[in-house]
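Nothing here was measured: the structure is a model prediction, and the numbers come from that model.
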Number of protein chains: 2
Amino acid sequence: MDQVLSSVRNGCKLLKIFLDSPKELGVTELSKKLQLSKGAVHKLLTTLESEGFIRQNEKTKQYTLGYTLLELGTKVLKNHDIVDFSMPYINRLLSRTSELVVLCVRDGKDAIYVAKVDSPHPIRFTVESFRRFPLYSTSAARVLLAYQPDEFQEEILAEPLKTYTEHSYTSTEEIKQNLQIIREHGYEVSSNRRNEGVTGVAAPIFDSSDQVAASISVVGPSDRVQPELDNILREVLETVQEMSVQLGYRP
Amino acid sequence: MDQVLSSVRNGCKLLKIFLDSPKELGVTELSKKLQLSKGAVHKLLTTLESEGFIRQNEKTKQYTLGYTLLELGTKVLKNHDIVDFSMPYINRLLSRTSELVVLCVRDGKDAIYVAKVDSPHPIRFTVESFRRFPLYSTSAARVLLAYQPDEFQEEILAEPLKTYTEHSYTSTEEIKQNLQIIREHGYEVSSNRRNEGVTGVAAPIFDSSDQVAASISVVGPSDRVQPELDNILREVLETVQEMSVQLGYRP
DNA sequence: AAACACCGTTCTCTATTCGTGAACAAACTA
DNA sequence: TAGTTTGTTCACGAATAGAGAACGGTGTTT
């Protein structure tokens, strides 16, 4: 029945606390956030430290994430063949559009940018790689969500939504309609939705099992992207189609 | 007395198995390597999966490292101010030497390259970042080891040594003498030691508490580096001295 | 300078849980 | 089709995780 090891889960949660915290944390602080006794947290920390997942600052006695996580993180990227496969296409899109190009994948109920190349323009829009965000919050993510099974979509949209700008979605109904439109068109153009003054074009990449493997998005300041929208859209669609064919997708 | 949580340690060891394995592993294989029952490993995996540390390939039923490790790994780099601090100096060294420049730190009994910039030459020597290696095996690492307390050095050299090339150290005595020389000179020039035909210059960076914060090394093919050795050595020493002063080191 | 407050760490103890080993169904292999 | 191997589930007894109080050190306040 019990298929989860509570102390292991506590260890994982402890590590993840550092994602949204300053670099160093103390035992007391962690015990509050984890709702565990100080003694238990201390045992967790010494265990994680002995494996290199946590490091203790000898002066402040506080704790930080350890280098083993850096090793494991780079191994994740190395394992991820879609990144290697996509880099040439992403770079080609950059050279043809001169705007930010990102590669987005789904992980469970979240989306993550696993690769990006920045625009060469001095004024440019950029994003943070390797951080999770909701599947409904950016074009690149919505394009992934649009091709998931209905039950999965319902599950995602059942949770309370976070709003980012005045143009963000306010209702799940609005998102559902949007997902419908994405399926009809095969792409999404979004303007000023999550970020004010930013326009993006996103489209899905399919693999041989007819599932979405990832998505690509070209994003930039609206005043530069809008005039070039037709060209950018054509480039993005050509690219994802070429990539899908390479992956063995039969439309 | 028992200050370690065994299941947490098992979880950590499970994750680290993936560092030296192909990208996907099965329950049976992992249970052999961990010397744990299949049932226990399966519980570990489902727990780690629910926290995003592990992912299961739905087709092959095998397991891989999860994206949360990527998030945590990038957070480690972000926390690490020595990297940000060093980048300008590293880039300057690259522009002046045109050879590989690496930044090396110590983590427990290991060394890790936490930053590097590759040589622009078409024929070049390069290294892998973010992977652990022994503190006695490269110049950059030995320069860190040379300024550690004697007891620590003994501890490191008590373990059986790994040899890499015919020029590698064969005895701990040889390494001890080498560490002594490093302390006298304040740097190390090594030729063809770990890698055949490769010469490197490494020197330590000190901080305000008079301890080694990191080391910098310039490495390249011997036939390009040897003729320029005097210049490269001068550049490296100037750089680490400037960095140490910036960090508050009082010689 | 003394009292206080807070920190990380250690300790003991019991309810809880972890890990074993066997049995399971599903997917390959021959 | 029979045999092997896979990932998964289950029940139980031994091992341990976590609570809570106490310790010693550091830094702050009165």
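- Across the protein-nucleic acid pair, B:Lys13 atom NZ and C:dG19 atom C1' stand 17 Å apart, rounded to whole Å.
- From A:Thr28, atom OG1 reaches atom NZ of A:Lys38 across 4.5 Å, with rounding to the nearest 0.5 Å.
- Here the CG atom belonging to B:Leu44 is positioned 12.5 Å from the CD atom belonging to B:Glu49, to the nearest 0.5 angstrom.
- Minimum heavy-atom separation, A:Thr60 to A:Glu24: OG1-OE1, 3.0 Å.
- Between the side chains of A:Arg142 and A:Ser215, no donor-acceptor pair of N or O atoms lies under 3.5 Å.
- Heavy atoms of B:Ala40 sit under 4.0 angstrom from at least one base atom.
- In this structure, A:Arg55 places its CZ atom 17 Å from P of C:dG8, rounding to the nearest Å.
- Within the nucleic acid shown, B:Ser37 comes within 4.0 Å of at least one base atom, counting heavy atoms only.
- As a whole-Å value, the separation of B:Lys43 NZ from D:dA11 C1' is 10 Å.
- B:Gln56 comes within contact range of the sugar-phosphate backbone alone, with a heavy-atom separation under 4.0 Å but no base atom that close.
- Under 4.0 angstrom from either OP1 or OP2 of C:dG19 there lies at least one side-chain N or O belonging to B:Asn10.
- At whole-Å resolution of the value, NE2 in B:His42 and P in C:dA25 are 16 Å apart.
- In this structure, A:Tyr63 reaches the C:dT9 phosphate: one of its side-chain N or O atoms is under 4.0 Å from OP1 or OP2.
- At the heavy-atom level, B:Ser6 lies under 4.0 Å from the strands shown only through sugar-phosphate atoms.
- Backbone-only contact: A:Gly26 has heavy atoms under 4.0 Å from sugar-phosphate atoms and none from a base.
- Remark on DNA chain C: of its neighbouring residues A:Val8 and A:Gln62, the 5'-side contact belongs to A:Gln62, judged by nearest-heavy-atom nucleotide.
- The base of D:dG20 does not come close enough to the side chain of A:Lys38 for any donor and acceptor atom to sit less than 3.5 Å apart.
- The distance between atom CG of A:Leu5 and atom C1' of C:dT20, rounded to the nearest whole Å, is 13 Å.
- At whole-Å resolution of the value, CD in B:Gln35 and P in C:dG21 are 13 Å apart.
- Following rounding to the nearest Å, B:Glu29 (CD) and D:dT6 (C1') show an atom-to-atom distance of 12 Å.
- With no hydrogens or angles considered, no side-chain donor-acceptor pair links B:Gln246 and B:Glu242 at under 3.5 Å.
- Between A:Leu45 atom CG and D:dG18 atom P the separation is 13 Å, expressed in whole Å.
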